[in-house]
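Heavy atoms only: backbone and side chains are in, while hydrogens, waters and symmetry mates are out.
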Amino acid sequence: MLFNSYIFIFLFLPLALLGWYGLNRCRAYEMAKLFLAVMSLWFYGYFNLYYLFVILGSILVNYLLSFLLKKFSSPKVCRAGLWAGVLLNLGILFYFKYYDFFFENVNAVFKTDFTLRHILLPLGISFFTFQQLSFIIDRAKGKAGHYSFINYLTFVTFFPQLIAGPIVLYKEMMPQFEDTANRRFNSDQFAKGIIIFTIGLGKKVLLADNLALPVNFGFEQNLFLDTPSTLLMILAYTFQIYFDFSGYSDMAIGLGKMFNIELPINFNSPYKACSVKELWQRWHMTLSRFFIQYVYIPMGGSRKGKARTIFNTFMVFFLSGLWHGANWTYIAWGSMQGLLVIWDNLGIVGVKGSNEKMSAKWYIPRWLGWIFTFGFFNLSLIFFGSSSMTSAIQLFKNIFAFKNTGYLFKLAANLDIPEFYLIKQVLTLKFPDMLQYAYVVLFLLLLVISAVVISRKNTLQMVAENPFRKKLCAWVVFIFVWSVISFSQVSTFIYFNF
């Protein structure tokens, strides 16, 4: 079920809120949590009933392991439980997400003929697997207790963050579900939740979905793009992926507030960063947190010398790329991010006024650091958005071919959106030769609007300052109405694939 759908906003969400607060008002606290978990499973199973068997199987296996760690708590059992939890969770993830990729490459290298299974990837499996993996690791290390099954089920399935994050930790969620103070309706939190949700909805529906039209066409027609169309298509993709994922995260945080549950921040204006390291402190923050806590630090972090620190940093980004998908393009993207962060860590070039405490040989102004950071991130997304390394290399060739064939007109013509209908009709009847230029102007205008939105304060900053000022509330109403009208268009979230 999509957040940006009629069934979610006008049926599912009102039922979920009424049931949650109604049962809590009657002090049926356990029943309220069970109700929320069942509603969340409906939300998840709405995409495909097959997904329910996968997530419930994963939950039962992890909960059983947690129970065994409680019953047999000797050091040997804890070590065995740790390895069992890691292998079970990563094994499930490998089977559904990486099986075909692994054996496809084995067949290519060793000339074998292993049969590919073409397994249907359950939505959000990377998110709920990492969520449970963090819990099991801490359970085995004695850092987490054993909770009731209803609490654990609610923690894993809580629908706002179930499909595409943020990646939540048990220690920030379990206490909230157990705290009876969170069961009372809070009008201030609820109103803030509506505002945050609506702004996220606007990011997704009005910006990301419209930018996706020329972007999808551009990636499919990569052989024919010229230099201007390739550069503008990649810039549009850079904006699209941000509005898509940060929009989802805003909606998730807003929905959490409606239920009086605080979800962690996942984005903090990453495109304002002046170094790649800073960008990754602002982008997909909960994924970075997971890899730092459960990969980087256990591998030694920065405690075992410069060479080991460089290796550990690279491995974190290599695995981050692989986490995003079973394709060499994601590995190339993650590796590129890792190399750029390592470069920042070496401290050869620093940014003036940076919060990073390091001495560098040379310093550059912040504006130049921003240009390098934003530019390199744009180029790295060529790998992220391409279906194959061949397609990615073709896009790089297009950029450095320095040719203009006028393909930008075909790229922009994909912006055939309802809001442009009247202008299109007038131009078709009166000035048909101007129509193609109008599409280009529309495309450039959309990019300018995107840049302006990104340059302003982000959603959480605006709400933290003064959420109930008249101007913001008027914009929220306008965005909500416009977004709901636009629901009829085709829409999907990029991070659903992960």
Side-chain angles (χ1 to χ4, degrees), residues 29-30 33-34 36-37 40-41 44 52-97 122 124-162 165-179 182 256 261-264 266 285-301 312 315-316 319-320 323:
Y29 298 136
E30 293 302 301
K33 285 185 287 189
L34 181 60
L36 188 56
S40 297
L41 290 172
Y44 187 70
L52 286 177
F53 295 100
V54 177
I55 191 172
L56 288 173
S58 175
I59 289 170
L60 290 171
V61 166
N62 279 283
Y63 189 78
L64 176 61
L65 186 55
S66 175
F67 175 77
L68 292 174
L69 287 170
K70 177 186 177 183
K71 192 169 185 179
F72 308 101
S73 56
S74 67
K76 287 186 177 180
V77 171
C78 288
R79 281 196 297 272
L82 174 62
W83 282 105
V86 171
L87 292 175
L88 280 169
N89 282 286
L90 294 184
I92 292 171
L93 189 61
F94 172 83
Y95 176 77
F96 284 103
K97 192 168 184 176
I125 188 171
S126 297
F127 289 94
F128 67 72
T129 298
F130 270 29
Q131 188 175 337
Q132 296 188 89
L133 185 59
S134 68
F135 172 70
I136 287 298
I137 290 173
D138 283 0
R139 277 287 293 126
K141 290 183 176 181
K143 296 180 181 179
H146 182 71
Y147 296 87
S148 70
F149 180 71
I150 292 178
N151 272 2
Y152 186 73
L153 181 66
T154 309
F155 155 65
V156 176
T157 62
F158 187 45
F159 73 88
Q161 50 79 41
L162 177 58
I167 299 173
V168 297
L169 304 178
Y170 68 92
K171 57 189 175 185
E172 65 194 358
M173 296 299 292
M174 295 281 202
Q176 294 192 72
F177 287 121
E178 292 184 323
D179 188 357
N182 288 334
I261 300 293
E262 293 289 339
L263 294 178
N266 213 21
M285 295 159 68
T286 56
L287 179 65
S288 299
R289 177 181 65 176
F290 178 92
F291 275 112
I292 289 171
Q293 290 186 16
Y294 297 102
V295 177
Y296 181 74
I297 292 175
M299 288 176 66
N312 292 344
M315 285 305 299
V316 162
L319 294 173
S320 175
W323 175 87

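Considering only heavy atoms from C-beta on, E178 stays 4.5 Å or farther from Y29 through its side chain. Between P122 and I55 there is no side-chain heavy-atom pair separated by less than 4.5 Å. In this structure the side chain of L88 never reaches within 4.5 angstrom of the side chain of I136, judged on heavy atoms.
Counting heavy-atom neighbours within 6.0 Å of F53 CZ, excluding the residue itself, gives a total of 12 or less.
Between P264 and V168, the shortest heavy-atom distance links the atoms CD-CG1, 3.7 Å. Scanning all heavy atoms of the two residues, the minimum distance from L169 to S134 falls at CD2-OG, 3.7 Å. The two atoms that bring F158 and M173 nearest to each other are CD2-CE, 3.9 Å, heavy atoms only. Between N151 and M174 the shortest heavy-atom distance is O-SD, 3.9 Å. The heavy-atom pair separating I150 from L34 by the smallest distance is CG2-N, 3.9 Å. C78 and A140 make their closest contact through CB-O, 3.3 Å (heavy atoms, listed as atom of the first residue, atom of the second, distance).
If you take CD1 on I292 and CG on L287, they are separated by 9.5 Å, rounding to the nearest 0.5 Å. To the nearest 0.5 Å, the span separating CD on Q161 from OG on S40 amounts to 8.5 Å. Remark: L65 CG to L60 CG distance equals 12.5 Å, nearest 0.5 Å. N182 CG to I261 CD1: the interatomic distance, rounded to the nearest 0.5 Å, is 5.0 Å. Here CG of L153 is found 5.5 Å from CG of L41. Values are rounded to the nearest 0.5 Å. Note that the CG atom of L133 and the CG atom of N62 stand 8.0 Å from one another [nearest 0.5 Å].
Here E262 pairs with Q189, K257 under the side-chain hydrogen bond (donor to acceptor under 3.5 Å, both in side chains) rule; sequence neighbours left out. Remark: Y63 pairs with H146, F149, Y152 by the ring-ring contact (aromatic ring centres under 6.0 Å, His included) rule, at least two apart or across chains.
Of the N and O atoms on the side chains of Y294 and D138, at least one donor lies less than 3.5 Å from an acceptor on the other residue. Residues Q132 and S58 have side chains that bring a donor and an acceptor to within less than 3.5 angstrom of each other. Looking at N266 and T286, their side chains do bring a donor and an acceptor atom within 3.5 Å of each other.
Aromatic ring pairs are classed by plane angle as parallel below 30°, tilted from 30° to 60° and perpendicular above 60°; the pair F291 and F130 is perpendicular. Ring-plane geometry between Y170 and F135 is classed as perpendicular, the angle between the planes exceeding 60 degrees on a 0 to 90 degree scale with a lower cut at 30.
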* To do: Apply side-chain contact (heavy atoms from CB on, under 4.5 Å) to the pair I125 and L93, showing each step before the final yes or no.
  => CA-CA 7 Å; I125 188 171; L93 189 61; 3.9 Å; yes
* To do: Could you please spell out the steps behind the side-chain contact (heavy atoms from CB on, under 4.5 Å) verdict for Y44 and F128?
  => CA-CA 12 Å; Y44 187 70; F128 67 72; 3.4 Å; yes
* **Intermediate values then yes/no, side-chain contact (heavy atoms from CB on, under 4.5 Å), T157 and I59** => CA-CA 9 Å; T157 62; I59 289 170; 3.7 Å; yes
* **Verdict with supporting geometry, W323 and F127, ring pair (Phe, Tyr, Trp, His ring centres under 6.0 Å)** => CA-CA 10 Å; W323 175 87; F127 289 94; 5.1 Å; yes
* May I have the step-by-step check of side-chain contact (heavy atoms from CB on, under 4.5 Å) for K143 and K171, ending in yes or no? => CA-CA 10 Å; K143 296 180 181 179; K171 57 189 175 185; over 6 Å; no
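Judged as a salt bridge (charged side-chain N to carboxylate O under 4.0 Å, His left out), the pairs with a partner in residues 287-300 (not counting sequence neighbours) are, in order, E172-R289.
Between the D179 side chain and the P175 main chain, no donor and acceptor come within less than 3.5 Å of each other.
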